[in-house]
4 protein chains.
Amino acid sequence: MSPLNRQQQLDQIRDERREQIKQAALKIFARRGYTGTKTSMIAKEASISEGLIYRYFNSKEELFITLVEELMEEAKRELKYVGYLPGTPFEQIRTLTKNMLDDNNMYAFMLMERARTADDVPDKVTQIFEEATNVLIDPIIPIFVKGQESGEFSPGEPRKMLSWYFTIINSLLTQEKIDEEFGLPDADVLIRILTN
Amino acid sequence: MSPLNRQQQLDQIRDERREQIKQAALKIFARRGYTGTKTSMIAKEASISEGLIYRYFNSKEELFITLVEELMEEAKRELKYVGYLPGTPFEQIRTLTKNMLDDNNMYAFMLMERARTADDVPDKVTQIFEEATNVLIDPIIPIFVKGQESGEFSPGEPRKMLSWYFTIINSLLTQEKIDEEFGLPDADVLIRILTN
Amino acid sequence: MSPLNRQQQLDQIRDERREQIKQAALKIFARRGYTGTKTSMIAKEASISEGLIYRYFNSKEELFITLVEELMEEAKRELKYVGYLPGTPFEQIRTLTKNMLDDNNMYAFMLMERARTADDVPDKVTQIFEEATNVLIDPIIPIFVKGQESGEFSPGEPRKMLSWYFTIINSLLTQEKIDEEFGLPDADVLIRILTN
Amino acid sequence: MSPLNRQQQLDQIRDERREQIKQAALKIFARRGYTGTKTSMIAKEASISEGLIYRYFNSKEELFITLVEELMEEAKRELKYVGYLPGTPFEQIRTLTKNMLDDNNMYAFMLMERARTADDVPDKVTQIFEEATNVLIDPIIPIFVKGQESGEFSPGEPRKMLSWYFTIINSLLTQEKIDEEFGLPDADVLIRILTN
DNA sequence: AATGAATGAGGATTCATTCAT
DNA sequence: AATGAATGAATCCTCATTCAT
């Protein structure tokens, strides 16, 4: 095997391992919160030794912050594209809502919500959310306004209505233990909050 | 002072202290979750020494479970009275919703919600909620059905709609850090979920 | 017991405990260096639990730094008084030398010397010594010069000669395992370095 | 290339690598002590991977012991030749002193001294020094006695005077951080200890 | 009843050592 | 022979709980 390949191979291992740790951490942090998550749990979930975590992250805190930052970036990216989705404003926001409720994103939103909500997280995380609240809502405002103008959405201060709407969705996602019988509410029901 | 009075006085001190500890614990558990709460924080909030907690509760776990049980009992009691509130079913449920969102009850609901959703709580608490879910919704179902019949509420499986509705309200209450600008959503907006 | 007495009693316990920990730490740090000293060793030497150390010092590092700082202060204080000792400059410096070699001060000098010498100490300690080197020698210089003038001491740049002299004494003190047969060199022999 | 040459080549690589590791280890152990030295530091100083150390030494402990033993052997060898150096006993011992203080030998003496004085070294090392103390001094005694007889050295129990003298020199060598301005004391000043 | 000093089990983190490549 | 990823025992530190006063 050529030296180049060898290096590539190691890089790949590192990338995979890092990803593996982040996935495991995401799952546990989302369910048990920052303090409730023990590094041993993350190691077990990732099927690695506890020590290995520290070759990839300097501390539990750094791991947590990294997760929050990356998820936040991704969220921002996604929200920018809502305006380019097909359909009316109502349909665009319904699609966004559906995506948020999707199983694949669930842990991410749960973690974000816990991170935003809980008082036992690193200060830096608190900061990130203080700075970012509007960043998430701003790109949706023009869409919502267009929907109000066309009568699809009910009147009301747009920023306020959207803040409430996303607060509800986010907080829903925090819950791992959703009612087993009925699961999470439909996007169709949730969007009623905006339509009256 | 007679021995009896003396005894009564001591009992009263004990009751007051116990209540004081519970109030402090409620506040901190609600904000920081079970693991995130240190007994030292509770002691500080209650302005007592750390050791004193253990004259009133055998352990942090027992204190937490006691809180959850008592709050649960209270919730059950309140729900039974919804049917006797004045007004139409819609108005009754709106009043209930308002009460739940009220500042005075907030910590209680926050704690309950955290207790219900988090994975880092004592097993016993998990059990309590597994057994109790329906207990909370059942007494409201007939009211909701009446509202559907009178056209105040939109159609749909009652247990499902109410489960979603309360899931939303509960999950909202988890959030200590509500948007500072807008606060929690109005009961009037939330109830749209049931009315369409 | 009056509340005041109670408070005094607690203060005394705290003072004693703190002193006890410092004494134990001094002994172990002096012999095993910073890294070689485990908190468990300090606890054992002080006959307390490992955890208790942390009610008195925030970290092993803080404990070490505290020791160094306090010993340094004491050293400075003592050196100021050398000029007021009875006798000629030669006799004054011989007395100082004897004091330094005294068993009671030994651990203190050993620790200081290790702290000054080793590369595995907290940065702050390195700084302290960088700033302090001259502070220790300066008050002795005039005494030495007087001795040179009177012919008691051999000629040579005073700061240089004294720097060498104290380097030797300090470094001697680092050694716990002194030759069992002969012990540390006499002050009378050491002072030859200055007299020729 | 013949198999033999191939083998020789490999042997040579092995020897070089082993030497390289020992040199690096010497430098770090000398400065940071046994416990304060991490294998990763040695690897970095030797510009090799951490794992490679273990193809040449079974453990950090073995590496340390090996160093001490080899340096000790070398020291013994050198001391034997002091009597054959040119000049009077005084001049012979001054030359020895100069050699000891020489930069090239410095790390070796530093390590030896740390190994001798510190309490955090493997037991075997402690033993080596317990057995060897006299070995170092013995060959110098007749030289010193000759010097006393000729009046070059001051009177006094020879073993005692030499023990003190070498204790001083050794302990000086422990110090990596010598006063930057003046460096280590001259051999000419040190030897005053023996001359009065 | 109340305090706060003390304990020790458990959690985060480090580092000597092993192992697959 | 050499690398560096991986392990886990040992270390520093925290915190629920106990105990002397």
Side-chain angles (χ1 to χ4, degrees), chain A residues 1 3 5-7 9-11 13-14 16-17 35-43 47-63, chain B residues 9-11 13-14 16-17 35 37-43 47-63, chain C residues 1 3 5-7 9-11 13-14 16-18 35 37-43 47-63, chain D residues 9-11 13-14 16-17 35 37-43 47-63:
Chain A
M1 192 178 286
N5 281 343
R6 172 68 179 152
Q7 189 50 49
Q9 197 188 5
L10 287 178
D11 284 355
I13 287 178
R14 283 193 69 81
E16 279 173 19
R17 206 58 78 244
T35 325
T37 296
K38 314 296 172 197
T39 50
S40 58
M41 296 172 183
I42 298 174
S47 310
I48 56 167
S49 69
E50 232 177 310
L52 192 58
I53 295 172
Y54 292 85
R55 278 184 67 90
Y56 293 90
F57 299 91
N58 289 320
S59 64
K60 175 178 152 180
E61 181 174 338
E62 187 191 294
L63 171 52
Chain B
Q9 199 189 10
L10 287 180
D11 282 355
I13 289 180
R14 279 195 68 82
E16 279 173 19
R17 251 333 141 267
T35 325
T37 296
K38 298 169 196 173
T39 50
S40 59
M41 295 171 180
I42 298 173
S47 309
I48 56 165
S49 70
E50 275 191 68
L52 194 56
I53 294 171
Y54 290 85
R55 281 186 67 86
Y56 294 91
F57 298 92
N58 288 317
S59 64
K60 174 177 156 181
E61 182 173 338
E62 188 191 293
L63 170 52
Chain C
M1 190 176 289
N5 280 343
R6 172 68 179 151
Q7 188 51 48
Q9 197 188 4
L10 287 178
D11 283 355
I13 288 177
R14 282 194 69 81
E16 280 173 19
R17 205 59 76 247
R18 199 181 153 90
T35 324
T37 296
K38 314 298 171 196
T39 51
S40 59
M41 296 171 182
I42 299 173
S47 309
I48 55 165
S49 69
E50 230 178 311
L52 193 58
I53 295 172
Y54 292 87
R55 276 183 68 90
Y56 293 90
F57 299 92
N58 289 319
S59 63
K60 174 178 154 180
E61 181 173 338
E62 188 191 293
L63 171 53
Chain D
Q9 197 188 9
L10 287 181
D11 283 356
I13 288 180
R14 280 196 68 83
E16 281 173 17
R17 244 346 133 262
T35 325
T37 296
K38 298 170 195 172
T39 50
S40 60
M41 295 172 180
I42 299 174
S47 310
I48 56 166
S49 70
E50 273 190 69
L52 194 56
I53 293 171
Y54 290 84
R55 282 186 69 86
Y56 294 91
F57 300 90
N58 289 318
S59 65
K60 175 178 155 181
E61 182 174 340
E62 187 191 294
L63 170 52

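Below, chains carry the letters A, B, ... as their sequence lines are ordered, and counting in each starts from 1.
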In whole angstrom, what separates [X]'s [atom1] from [N]'s [atom2]?
{"X": "A:E50", "N": "F:dG8", "atom1": "CD", "atom2": "P", "answer": "11 Å"}
{"X": "A:E62", "N": "E:dA12", "atom1": "CD", "atom2": "P", "answer": "16 Å"}
{"X": "C:I48", "N": "F:dT18", "atom1": "CD1", "atom2": "C1'", "answer": "17 Å"}
{"X": "A:D11", "N": "F:dG4", "atom1": "CG", "atom2": "C1'", "answer": "12 Å"}
{"X": "B:R55", "N": "F:dT17", "atom1": "CZ", "atom2": "C1'", "answer": "15 Å"}
{"X": "A:Q9", "N": "F:dG4", "atom1": "CD", "atom2": "P", "answer": "13 Å"}
{"X": "A:F57", "N": "F:dA6", "atom1": "CZ", "atom2": "C1'", "answer": "16 Å"}

How long is the span from the [atom1] atom in [X] to the [atom2] atom in [Y], to the nearest 0.5 Å?
{"X": "B:I53", "Y": "B:I48", "atom1": "CD1", "atom2": "CD1", "answer": "5.0 Å"}
{"X": "D:E62", "Y": "D:Y56", "atom1": "CD", "atom2": "OH", "answer": "14.0 Å"}
{"X": "C:Q9", "Y": "C:I13", "atom1": "CD", "atom2": "CD1", "answer": "5.5 Å"}
{"X": "D:S47", "Y": "D:L52", "atom1": "OG", "atom2": "CG", "answer": "11.5 Å"}

Quick check on DNA chain E: between A:K60 and C:G51, whose nearest nucleotide comes earlier from the 5' end?
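Its nearest nucleotide lies further toward 5', so the answer is C:G51.
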
Judged by each residue's nearest nucleotide on DNA chain E, which is more toward the 5′ side, C:I53 or B:I13?
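The residue closer to the strand's 5' end, by nearest nucleotide, is B:I13.
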
[N] OP1/OP2 closer than 4.0 Å to side-chain N/O of [X]:
{"X": "C:Y56", "N": "E:dA6", "answer": "yes"}
{"X": "C:R14", "N": "E:dA5", "answer": "yes"}
{"X": "A:K38", "N": "E:dG11", "answer": "no"}

Could you check whether A:L10 gets within reach of a base, just the sugar-phosphate, or nothing at all, counting any heavy atom under 4.0 Å?
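The answer is sugar-phosphate, as A:L10 gets under 4.0 Å only of primed atoms, P, OP1 or OP2.
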
Over all strands shown, is D:T37 touching base, sugar-phosphate only, or nothing at heavy-atom distances under 4.0 angstrom?
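Result for D:T37 = sugar-phosphate.
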
Closest approach to the side chain of C:R17, judged atom by atom: which nucleotide of F:dG4, E:dA6, E:dG11 is it?
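The closest nucleotide is E:dA6.
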
Could you check which of F:dA6, F:dT17, F:dC13 has an atom nearest any side-chain atom of B:T39?
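For the B:T39 side chain, the nearest candidate turns out to be F:dT17.
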
Could you check whether any side-chain N or O of B:K38 sits under 3.5 Å from a backbone N or O of B:T35, counting only pairs where one atom can act as donor and the other as acceptor?
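Here the side-chain-to-backbone pair does not exist.
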
Taking the side chain as every heavy atom from C-beta outward, state whether D:R14 and D:L10 have any pair of such atoms under 4.5 Å apart.
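D:R14 does not reach D:L10 side chain to side chain.
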
Do A:T39 and A:L63 have side chains that get closer than 4.5 Å, going by heavy atoms?
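They are not in contact (no side-chain heavy atoms under 4.5 Å apart), so the answer is no.
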
Both B:Y54 and D:L52 contact DNA chain F. Which one's nearest nucleotide lies toward the 5' end?
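Nearest-nucleotide comparison on DNA chain F picks D:L52.
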
Where each residue is assigned the nucleotide of DNA chain F containing its nearest heavy atom, which of A:S47 and C:S59 is assigned the position nearer the 5′ end?
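Its nearest nucleotide being more 5', the pick is A:S47.
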
Stems formed with participation of DNA chain F [Watson-Crick or G-U wobble, under 3.5 Å, three or more pairs]:
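Stems found: E:2-21 with F:2-21.
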
Heavy-atom pair with the smallest gap, counting every atom of B:T37 and B:K60
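Closest pair (atom of B:T37, atom of B:K60, distance): O-NZ, 2.8 Å.
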
